Amino acid sequence: MYEYYPLLVVGGVIGLFSLCFIIAYFTIKNKKEAVGFDRNMKDGEIISRLLKYAKPYWKNFLFVGFIMLFSIAYDIISPLIVGWIEEQVKSDFELGPLFAAVAVYAGILIVSLVCTYIQAIVLQKTGQKILSKLREDLFVHIESLSHEQLNLIPVGKLVTRVTNDTNAISMMFTNILVNLVKNCFIIIGIFVAMLCLNFELTLMVLCFVPFIVLFTVVFRKFSRKAYRKVKDGTTDINTYLSENLSGIKITQIFNREERKMNEFEEKNRNLGSAKQQQIFVFGIFRPMVYMLYISSVLCLLYLGGKGYIDQTVFLGQTLTSGTIVTFYMYISKFFNPIQSLAEQFNWLQSAFASAEKIFTVFDIEPKIVDAPDAIDVDTIEGDIEFKNVWFSYVPGEWVLKDVSFHIKPKETVAFVGSTGSGKSTILSLICRNYDIQRGQILIDGIDIKKIKISSLRKHFGQMLQDVFLFSGTIRSNIVLREEGLSDEEIMKVCKYVNADSFINKFENGLDEVVQERGNNFSAGQRQLLSFARTIAHKPSVMILDEATANIDTETELLIQDSLEKMMNIGTMLIVAHRLSTIQHADNIILLSKGEIVEQGTHQELLKQKGRYYQLYMLQYNKDQVRAS
Ligand code: ATP
Ligand code: MG
């Protein structure tokens, strides 16, 4: 065996360096390179932000670290016991010590299994807690974003953040980090054990390390690309799905199924091929490492066998058959963690990339927030004033230009004007869904920016143009804000808006199931339910944007009648295209391209014979023609 020493020493030294290199390589490269996911956040920042979530559970992690030592002990001690048994069996066979050794082996194995089990349970529980806290925080944060900010982020992207990305982080806490630490300890532990047992064979094992390192570095390069593709593909497909499933009925109506299917197919194919690429990279890496393992076993058998036959003694160590058996077991236990280190670092990268994406969402500062000196308002009279308001959704493209008007408490004001003239925009500004660029909006003489948003919105009953019902029941949709409402109160509200007649027809009444977006109701019924929801919390100011557009004229008149009877409602703002429905308004504001062109009562505006008059006559004549 002496003739191999120079070779073994050189190989061993290179191996040792490679071993140190691979650990340093991942740690440093990981930091330096922003892990190839176009990350801008520093690793330190990501880690410290992640640690905030892990901090409350530090005791759990400490406990896991402690019991992990037992499972590591098994990996290091068990080959020694097997080697010892092998020698015992060969020499003067004595049952006593042999049983003792087997018992110790079984004992360590059981302790190790129990520890691994406890470790998995503790980590899973902790990971789930961290995950749900992270998801909750993210959801609350997304809820706090303004309409403007939400318009800019596709829903599918947000869904991916809340589901896939948070999952990747939970994986990091439950699996990756612990295994990384465990594998490092196992590598070091086995290395020391091998060194104590037989120097030459340790050198021999080390000779294979540079090859594993080489494979690992190459593997990392390819797998990183594959990971990125899979991630991008997943986000892409989620975004596409969430938009197209919402619009699937339009797709069917317009016979666009084939085209949409082709688009989806392409995205699906992209994700599929990215996944295949990932599997391919892993598929090559694992057999290659296995090939190295087999080669090292063969070398062990040859060198070990030769050393055993020659009975060489080096540094006082004689090679026994037990040592060869122990080394045989050590080799696989030594190669496995090195191989998994590479995979785990990849998972870690992926988790970091997810963490960055999540923190990027967290970093979007909600635009519409309470001013530090914002006040609570208990009651609102309903005095609303717009003072030279300028507003644009897109910088430079003014949607409202120098709009000024004053609505007094208890007044009913109607906004009319052509499509896109800015009616809905005015209504959403009153509730501060968006902030204006210039001018001032005053409620009861107070600038709305000085009123707490929750306090402001509490007093408004806002019925939007596009009705949205949540999946649940009729009851859950009506009590959206006022959770303490009794059935009698809910039914009273429904009676007001004439929704009771169709609700009573359902076997389940208020518990009738509402499917996603209220698909199982007619457009008019959806509006009635939305109406009921709006007045359920007795708002001081009612905002109705085309609230009765889908409701038959008879029901519409009944609703109007009920609204007039509702004494708590002060000011009422209405947008309606049917001018006949707003004739009794105290003030009618006619908008055109974001500017107020006329205002006054119905009679005053008719007298002016301006735009309102023309509009009214057009509709009137149309109705006459229809009637005749
Ligand atoms: P309609 O009678 O059709 O409901 P409207 O008078 O209510 O029309 P608004 O919804 O206030 O019109 O829209 C006014 C203008 O603002 C339109 O030109 C529209 O293109 C633009 N707009 C509305 N919402 C947005 C948005 N979220 N982002 C960008 N532009 C918008
Ligand atoms: Mg509108």
Side-chain angles (χ1 to χ4, degrees), residues 142-158 239 242-243 246-247 250 364 366-368 384 386 388-405 407 412-439 441 448 460-468 523-524 526-527 530-531 534 541-551 556 572-582 585 587-599 605 611-612 614-616 618-619 622:
I142 293 171
E143 279 188 319
S144 75
L145 298 181
S146 70
H147 289 207
E148 184 188 347
Q149 291 168 312
L150 290 171
N151 288 346
L152 296 175
I153 321 171
V155 176
K157 220 173 208 176
L158 291 179
T239 311
S242 72
E243 183 176 345
S246 324
I250 307 296
I364 306 174
K367 265 197 173 164
I368 298 186
I384 301 166
F386 268 49
N388 310 96
V389 170
W390 288 75
F391 173 75
S392 70
Y393 291 102
V394 184
E397 290 174 24
W398 295 112
V399 170
L400 295 184
K401 296 167 215 158
D402 201 21
V403 171
S404 301
F405 58 81
I407 303 169
T412 298
V413 174
F415 292 89
V416 292
S418 52
T419 293
S421 54
K423 304 179 296 289
S424 301
T425 306
I426 289 186
L427 300 189
S428 63
L429 291 182
I430 296 175
C431 306
R432 218 179 150 201
N433 293 339
Y434 296 87
D435 266 339
I436 53 171
Q437 280 87 8
R438 287 189 221 159
I441 301 173
I448 55 167
F460 290 108
Q462 198 181 174
M463 195 172 152
L464 299 176
Q465 201 167 3
D466 36 354
V467 170
F468 190 96
R526 281 201 291 270
Q527 270 196 331
S530 165
F531 224 125
T534 311
V541 178
M542 266 303 256
I543 294 177
L544 306 175
D545 194 349
E546 290 286 350
T548 49
N550 297 317
I551 297 169
E556 188 179 9
M572 187 130 62
L573 308 175
I574 307 171
V575 167
H577 279 293
R578 266 188 268 172
L579 299 185
S580 54
T581 56
I582 49 137
N587 194 15
I588 297 171
I589 297 177
L590 179 68
L591 286 164
S592 171
K593 294 180 188 153
E595 285 174 285
I596 296 179
V597 283
E598 282 173 25
Q599 62 173 310
L605 289 177
R611 293 270 277 277
Y612 181 83
Q614 287 168 1
L615 215 66
Y616 181 75
L618 261 173
Q619 284 194 6
K622 215 158 70 182

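Remember, it's 1-based here, ligands and their atoms both numbered in the order they're listed. Because the structure is predicted, anything quoted here is derived from the model rather than measured.
Aromatic rings from F391 and F386 are positioned such that their centres are separated by 6.0 Å or more.
Closest heavy-atom approach to atom 6 (O) of ligand 1 within the set E397, H147, K423: this belongs to K423. Of the candidates S592, G420, A576, it is G420 that places a heavy atom closest to atom 18 (O) of ligand 1. Within the set W398, F391, Y393, the minimum heavy-atom distance to atom 28 (N) of ligand 1 is found for Y393. Comparing L429, L400, T425, L591 by heavy-atom distance to atom 9 (P) of ligand 1, the nearest is T425.
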Note to self: Before you tell me yes or no, could you show the steps for I574 and F415 under side chain to side chain contact (heavy atoms under 4.5 Å, CB included), namely the whole-Å CA-CA distance, both residues' side-chain angles and the distance that decides it to 0.1 Å?
What the structure shows: CA-CA 6 Å; I574 307 171; F415 292 89; over 6 Å; no
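In this structure, G422 is part of the shell of residues with a heavy atom less than 4.0 angstrom from ligand 1.
Between L544 and V575, every side-chain heavy-atom pair lies at or beyond the 4.5 Å cut-off. In this structure, D402 and E595 have side chains that are not in contact, with every pair of non-hydrogen atoms separated by 4.5 Å or more. Annotation: side chain of W398 is in contact with side chain of R438 (closest heavy-atom distance under 4.5 Å). Side-chain contact check for F531 versus R526: every heavy-atom pair is 4.5 Å or farther apart.
Nearest to atom 3 (O) of ligand 1 among the protein's heavy atoms is T419 CG2, 3.1 Å. Of the protein's non-hydrogen atoms, the one nearest atom 4 (O) of ligand 1 is Q465 NE2, 2.8 Å. For atom 7 (O) of ligand 1, the closest non-hydrogen atom of the protein is S424 OG, 2.7 Å.
Without hydrogens or angle criteria, K423 side chain to S418 main chain gives a donor-acceptor distance under 3.5 Å.
Listed by number with element, the atoms of ligand 1 under 4.0 Å from a non-hydrogen atom of S421 are 6 (O), 12 (O).
Side-chain N/O atoms of Y434 and T425 include no donor and acceptor closer than 3.5 Å.
Residue contacts with ligand 1 for N151 involve side-chain atoms from C-beta outward but no N, CA, C or O (heavy atoms, distance under 4.0 Å). For V399, every heavy-atom contact with ligand 1 shorter than 4.0 Å involves the side chain, none the backbone.
In K157, the NZ atom is not crowded: 12 or fewer heavy atoms of neighbouring residues, nucleotides or ligands sit closer than 6.0 Å.
Using a 4.0 Å threshold on non-hydrogen atoms, atom 20 (O) of ligand 1 does not count as touching the protein.
Checking only distances, V394 never comes within under 3.5 Å of ligand 1, N or O to N or O.
Put simply, S424 gets within reach of the Mg ion (ligand 2), with an N, O or S atom under 2.8 Å from it.
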